[in-house]
Amino acid sequence: MNHKLYDTSHGIYISLLQTQDADVLLQLRLRNKEHHQPFEPLRDEDYFTLESQQRLLAQRVEDSLEDRAYMFGIFLLDGMLIGQITISNVVRGVGQFADIGYFIDYALQGQGYTSAAVGLILKFAFRSLGLHRVQAAILLHNHGSRRVLEKNGFLAEGIARRFIKINGQWQDHRTYAILADDIQPQE
């Protein structure tokens, strides 16, 4: 399965990552390791190896074939990988929802790329996957991520206490969600 969605006005596209993207993904993670650590789970050093990234991407390719998760790269129009955005924990049946998570190269934050990528992933989630709801949980002090979600129409729903272990400590997260009905249909 190969999906590419473009936002040429913002100079990006998103595309499902494949195992052959492991090296560029690894380089992106290594460049951002220190900067992103306050917002990430603690990772073993093994995580930052080519083999580990290959295993991760192979698992994500399998997940997409099984409709469990979809890991996209965020690319500049010239093909440079600048971030990642993932739909995960897909629930079908009476739920029809999933979680999203994302990161962008710290050197390119604040330029609208992440907001544009979230807009694209919502199109994929609601149009291609037919989901009813997309949700996200962010650290209370992650103001940049809050702005990204709010720009895309997500609404804050509450605080999940000690929700995810980030940087070695259980931390509270603010939950956000958007429904398919919240997005105006495209003419």
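Just the heavy atoms: all of them, side chains too, but no hydrogens, waters or symmetry mates, feed the values below. Index from 1, following the sequence.
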For the residue pair [X] and [Y], confirm or rule out a side-chain donor-acceptor distance under 3.5 Å.
{"X": "Gln27", "Y": "Arg31", "answer": "no"}
{"X": "Arg29", "Y": "Gln84", "answer": "yes"}
{"X": "Asn167", "Y": "Gln37", "answer": "yes"}

Over all atoms of both residues, closest heavy-atom pair of [X] and [Y]:
{"X": "Ile138", "Y": "Ser145", "value": "CG2-OG, 3.3 Å"}
{"X": "Phe124", "Y": "His3", "value": "CE1-CD2, 3.7 Å"}
{"X": "Arg174", "Y": "Ala156", "value": "CD-CB, 4.0 Å"}
{"X": "Ala160", "Y": "Thr175", "value": "CB-CG2, 4.1 Å"}
{"X": "Ala69", "Y": "Arg60", "value": "CB-NH1, 3.1 Å"}
{"X": "Gln96", "Y": "Gly130", "value": "OE1-O, 3.9 Å"}

Item to complete: Please write out which residues are connected to Phe163 in a hydrophobic cluster, directly or through intermediates, given that two of Ile, Leu, Val, Met, Phe, Trp, Tyr count as joined at side-chain heavy-atom separations below 4.5 angstrom.
Response: Phe39, Leu139, Ile164, Ile166
Worksheet item: Other hydrophobic cluster members with Leu17, side-chain heavy atoms of Ile/Leu/Val/Met/Phe/Trp/Tyr under 4.5 Å, chained?
Response: Tyr6, Tyr13, Val24, Leu25, Leu26, Leu28, Leu30, Tyr47, Phe48, Leu50, Leu56, Leu57, Met71, Phe75, Leu77, Leu81, Phe103
Got a salt bridge between [X] and [Y], using NZ or NE/NH1/NH2 to carboxylate O under 4.0 Å?
{"X": "Arg55", "Y": "Asp46", "answer": "yes"}
{"X": "Arg133", "Y": "Glu157", "answer": "yes"}
{"X": "Glu150", "Y": "Arg146", "answer": "yes"}
{"X": "Glu45", "Y": "Lys33", "answer": "yes"}

For the atom pair [atom1] ([X]) and [atom2] ([Y]), what is the distance rounded to the nearest 0.5 Å?
{"X": "Ile121", "Y": "Thr86", "atom1": "CD1", "atom2": "OG1", "result": "7.5 Å"}
{"X": "Ile74", "Y": "Leu108", "atom1": "CD1", "atom2": "CG", "result": "10.5 Å"}
{"X": "Gln111", "Y": "Thr114", "atom1": "CD", "atom2": "OG1", "result": "9.5 Å"}
{"X": "His10", "Y": "Ser115", "atom1": "NE2", "atom2": "OG", "result": "7.5 Å"}
{"X": "Leu149", "Y": "Asn142", "atom1": "CG", "atom2": "CG", "result": "9.0 Å"}

Worksheet item: Quick one: do Leu5 and Ile85 end up in the same hydrophobic cluster if we chain Ile, Leu, Val, Met, Phe, Trp and Tyr together by side-chain heavy atoms under 4.5 Å apart?
Response: yes
Worksheet item: Mind checking whether Met80 and Ile14 sit in one hydrophobic cluster, side chains of I, L, V, M, F, W, Y counted as touching below 4.5 Å?
Response: yes
So does [Y] get a backbone contact from the side chain of [X], meaning a donor-acceptor N/O pair under 3.5 Å?
{"X": "Ser64", "Y": "Val61", "result": "yes"}
{"X": "Asn152", "Y": "Phe154", "result": "no"}
{"X": "Asp21", "Y": "Gln18", "result": "yes"}
{"X": "His173", "Y": "Gln171", "result": "yes"}

Any non-hydrogen side-chain atom of [X] less than 4.5 Å from a side-chain atom of [Y]?
{"X": "Ile183", "Y": "Ile178", "result": "yes"}
{"X": "Asp99", "Y": "Ile87", "result": "no"}
{"X": "Asp67", "Y": "Leu129", "result": "yes"}
{"X": "Tyr102", "Y": "Phe72", "result": "no"}

Discussion item. Are more than 12 heavy atoms, taken from residues, nucleotides or ligands other than Glu34, located less than 6.0 Å from that residue's CD atom?
Written reply: no
Practice prompt. Might you work through the side-chain contact (heavy atoms from CB on, under 4.5 Å) test for Val90 and Arg92, ending with a clear yes or no?
Written response: CA-CA 7 Å; Val90 175; Arg92 293 300 185 176; 3.7 Å; yes
Worksheet item: What residues form a side-chain hydrogen bond (donor to acceptor under 3.5 Å, both in side chains) with Thr8, not counting sequence neighbours?
Response: none
Item to complete: Would you check, one step at a time, whether the test side-chain contact (heavy atoms from CB on, under 4.5 Å) holds for Gln59 with Arg68?
Response: CA-CA 10 Å; Gln59 180 61 57; Arg68 291 187 301 250; 3.6 Å; yes
Discussion item. Assess the residue pair Leu179 and His132 against the criterion (side-chain contact (heavy atoms from CB on, under 4.5 Å)); give the C-alpha distance rounded to whole Å, side-chain angles, the decisive distance to 0.1 Å, and a yes or no.
Written reply: CA-CA 6 Å; Leu179 306 179; His132 165 70; 3.9 Å; yes
Worksheet, complete the sentence: Residue set satisfying side chain to side chain contact (heavy atoms under 4.5 Å, CB included) with Gln109, at least two apart, ordered chain then number -> His35, His36, Ile104, Tyr106
Worksheet item: In chain order, what residues pass the side chain to side chain contact (heavy atoms under 4.5 Å, CB included) check against Arg161, with sequence neighbours excluded?
Response: Asp172
Discussion item. My understanding is that only residues two or more places apart in sequence, or in another chain, count here; which of them pass ring-ring contact (aromatic ring centres under 6.0 Å, His included) with Tyr176?
Written reply: none
